Number of protein chains: 2
Amino acid sequence: MATTTAAQRRAARKHDYDAYLAACPSRQLLERISNKWVVLVLTELGDGPARYSEIARVVAGVSQKMLTQTLRNLERDGMVHRDIEATVPVTVTYSLTELGSSLLKVMGQLKLWAEDNMPEVIAARGRYDGM
Amino acid sequence: MATTTAAQRRAARKHDYDAYLAACPSRQLLERISNKWVVLVLTELGDGPARYSEIARVVAGVSQKMLTQTLRNLERDGMVHRDIEATVPVTVTYSLTELGSSLLKVMGQLKLWAEDNMPEVIAARGRYDGM
DNA sequence: CAGCATCCTGGAAGATACTG
DNA sequence: CAGTATCTTCCAGGATGCTG
């Protein structure tokens with residue numbers, strides 16, 4: 001039997017979306033989620049619901065603007081739930097939705113991968129730069 | 001027994017790196033790899049070795065500059081191997097290294113996740129915007 | 001506390017032209 | 001073919017100040 005090409009395999013997929021295509025919505029979604037703040041915020045929320053200030057503390061170096069923007073986008077895209085308690089001052093708690101949890105399964109691995117493979121990457125850089 | 005906090009769990013990990021910290025090298029690595037071009041190039045190379053122009057064709061919309069830059073960074077970080085054949089004109093073939101393959105296991109899922117969950121995200125946006 | 005509004009800058013990224 | 005070099009634009013993202 002003939003070897004299938006990558007293009008054929010893609011065409012055979014059940015998806016209607018293909019992130020290889022610049023105009024495909026999934027390409028924009030990929031752009032959205034392949035972002036360090038998304039990885040870090042999602043990972044933090046994976047440890048359980050957290051308040052705005054807690055997230056800001058754990059995800060060191062994030063500005064309010066970026067944190068709010070990331071949170072809003074994640075909420076809009078259905079990955080994060082925002083719960084507002086009408087205390088004084090207000091208490092806002094963020095948590096993962098089902099969709100967010102499924103994304104975290106992938107994203108969380110990305111953070112772990114970076115941490116686990118740092119030594120190998122450093123070694124590779126040494127080799128590359130020393131040539 | 002007491003509930004462990006997220007901070008305690010992190011401290012108990014065997015890693016020397018923690019991407020939550022802004023200054024940690026793994027944070028920079030995370031920034032590097034959480035990038036749409038990295039996802040797309042790595043995924044394409046997952047289908048087997050490919051030449052520069054093949055990658056450029058499959059990954060629609062990437063400029064030479066971005067493609068070269070992405071490829072160089074991936075090579076330097078030990079995820080991609082660059083093979084130059086001294087034909088005229090030269091033939092350059094890129095392929096995944098072991099490290100690159102292990103990263104692809106995570107990254108590839110990211111592209112698939114975006115394609116698979118696009119309908120859900122669109123629905124969530126409709127809900128959010130209609131409020 | 002959990003934001004929003006505004007201003008501003010560095011660097012990511014596109015366009016274009018050239019080459020071994 | 002597989003880049004490099006240069007110019008330019010654009011906006012992500014930081015800083016700052018204010019508020020329900």
Side-chain angles (χ1 to χ4, degrees), chain A residues 19-23 27-42 44-45 49-77 80-95 128 131, chain B residues 19-23 27-41 44-45 49-77 80-95 128-129 131:
Chain A
Y20 279 136
L21 307 175
R27 170 78 151 253
Q28 267 80 50
L29 180 58
L30 184 62
E31 270 173 76
R32 261 280 154 72
I33 63 182
S34 58
N35 170 309
K36 61 175 170 173
W37 299 131
V38 171
V39 179
L40 295 172
V41 167
L42 238 49
E44 159 62 7
L45 290 180
R51 298 176 57 179
Y52 185 89
S53 51
E54 294 176 325
I55 304 173
R57 197 178 336 108
V58 172
V59 181
V62 67
S63 64
Q64 296 123 328
K65 184 183 166 183
M66 280 303 100
L67 183 52
T68 300
Q69 192 175 107
T70 302
L71 251 7
R72 283 293 174 286
N73 284 150
L74 288 175
E75 188 194 1
R76 185 170 112 93
D77 288 351
V80 156
H81 177 67
R82 183 162 174 264
D83 192 52
I84 308 140
E85 226 182 315
T87 52
V88 178
V90 297
T91 305
V92 180
T93 307
Y94 292 92
S95 56
Y128 186 92
M131 291 192 309
Chain B
Y20 279 136
L21 307 175
R27 170 78 151 254
Q28 267 80 51
L29 180 57
L30 184 62
E31 270 173 76
R32 261 280 154 72
I33 63 182
S34 57
N35 171 310
K36 62 175 170 174
W37 298 130
V38 170
V39 178
L40 296 172
V41 167
E44 159 62 7
L45 290 180
R51 297 175 58 179
Y52 184 90
S53 51
E54 294 175 327
I55 304 173
R57 196 176 338 106
V58 173
V59 181
V62 67
S63 63
Q64 297 118 330
K65 184 183 167 185
M66 280 302 100
L67 182 53
T68 301
Q69 193 176 104
T70 302
L71 251 8
R72 284 292 175 287
N73 285 149
L74 288 174
E75 187 194 1
R76 184 169 113 95
D77 288 351
V80 155
H81 176 69
R82 182 162 174 264
D83 192 53
I84 307 140
E85 225 182 316
T87 51
V88 178
V90 297
T91 305
V92 180
T93 306
Y94 292 93
S95 55
Y128 185 92
D129 294 340
M131 291 191 310

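So you know, we letter chains A, B, ... as the sequences are listed, proteins then strands, and number each from 1. These numbers come from a predicted model, not from an experiment.
Scanning for side-chain hydrogen bond (donor to acceptor under 3.5 Å, both in side chains) contacts around A:Ser63 gives an empty result, with sequence neighbours left out. With sequence neighbours left out, B:Arg76 forms a salt bridge (charged side-chain N to carboxylate O under 4.0 Å, His left out) with A:Asp129. Scanning for side chain to side chain contact (heavy atoms under 4.5 Å, CB included) contacts around B:Gln69 gives B:Lys65, B:Met66, B:Asn73, with sequence neighbours left out. Among residues two or more places apart in sequence or in another chain, the side chain to side chain contact (heavy atoms under 4.5 Å, CB included) test is passed with B:Ala56 by B:Leu67. Take B:Ser95 and apply the side-chain hydrogen bond (donor to acceptor under 3.5 Å, both in side chains) test, not counting sequence neighbours, and it matches no residue. Contacts of A:Arg72 classified as side-chain hydrogen bond (donor to acceptor under 3.5 Å, both in side chains), with partners at least two apart in sequence or in another chain: A:Tyr94.
Once rounded to the nearest 0.5 Å, the distance linking OH of A:Tyr128 with CG of B:Asp77 reads 10.0 Å. Separating the CZ atom in A:Arg27 from the CG atom in A:Leu29 is a distance of 12.5 Å, to the nearest 0.5 Å.
When the C1' atom of C:dA2 is taken as reference, atom CD of A:Gln69 falls 16 Å away, rounded to whole Å. In this entry the distance linking CZ of A:Arg27 with P of C:dA13 reads 12 Å, nearest Å. We find that CE of A:Met66 is positioned 17 Å from P of C:dG10, with the value rounded to whole Å. Atom pair B:Gln28:CD and C:dG11:P shows a separation of 14 Å (rounding to whole Å applied).
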May I have the list of side-chain donor-acceptor pairs in residues 83-93 of chain A shorter than 3.5 Å, sequence neighbours left out?
unit_1: A:Thr87; atom_1: OG1; unit_2: A:Pro89; atom_2: O; d: 2.7
unit_1: A:Thr87; atom_1: OG1; unit_2: A:Thr91; atom_2: N; d: 3.3
unit_1: A:Thr87; atom_1: OG1; unit_2: A:Thr91; atom_2: OG1; d: 2.8

Only distances under 3.5 Å count here; give the side-chain donor-acceptor pairs of residues 34-42 of chain A to other protein atoms, sequence neighbours excluded, each with its distance to 0.1 Å.
unit_1: A:Ser34; atom_1: OG; unit_2: A:Leu30; atom_2: O; d: 2.6
unit_1: A:Ser34; atom_1: OG; unit_2: B:Lys36; atom_2: N; d: 3.4
unit_1: A:Asn35; atom_1: OD1; unit_2: A:Trp37; atom_2: N; d: 2.6
unit_1: A:Asn35; atom_1: OD1; unit_2: A:Val38; atom_2: N; d: 3.3
unit_1: A:Lys36; atom_1: NZ; unit_2: B:Glu31; atom_2: OE1; d: 3.3

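No donor-acceptor distance shorter than 3.5 angstrom exists from the side chain of A:Tyr20 to the backbone of B:Arg57, with no hydrogens or angles considered.
When DNA chain D is scanned 5' to 3' for any atom under 4.0 Å from a heavy atom of chain B, the first and last hits are D:dC1 to D:dT4.
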Strictly under 3.5 Å: I want the nitrogen or oxygen pairs between protein and nucleotides 3-5 of chain C, one per line.
unit_1: C:dG3; atom_1: OP1; unit_2: A:Arg72; atom_2: NH2; d: 2.9
unit_1: C:dG3; atom_1: OP1; unit_2: A:Arg82; atom_2: NE; d: 3.4
unit_1: C:dG3; atom_1: OP1; unit_2: A:Arg82; atom_2: NH2; d: 2.7
unit_1: C:dG3; atom_1: OP2; unit_2: A:Tyr94; atom_2: OH; d: 2.5
unit_1: C:dC4; atom_1: OP1; unit_2: A:Arg72; atom_2: NH2; d: 3.3

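Comparing A:Val90 and A:Asn35 by the nucleotide of DNA chain D whose heavy atom lies nearest to each, the residue mapping closer to the 5' end is A:Asn35.
In the helix from C:dC1-D:dG20 to C:dG20-D:dC1, the rotation axis of the first five pairs and that of the last five pairs differ in direction by 60°, rounded to 10 degrees.
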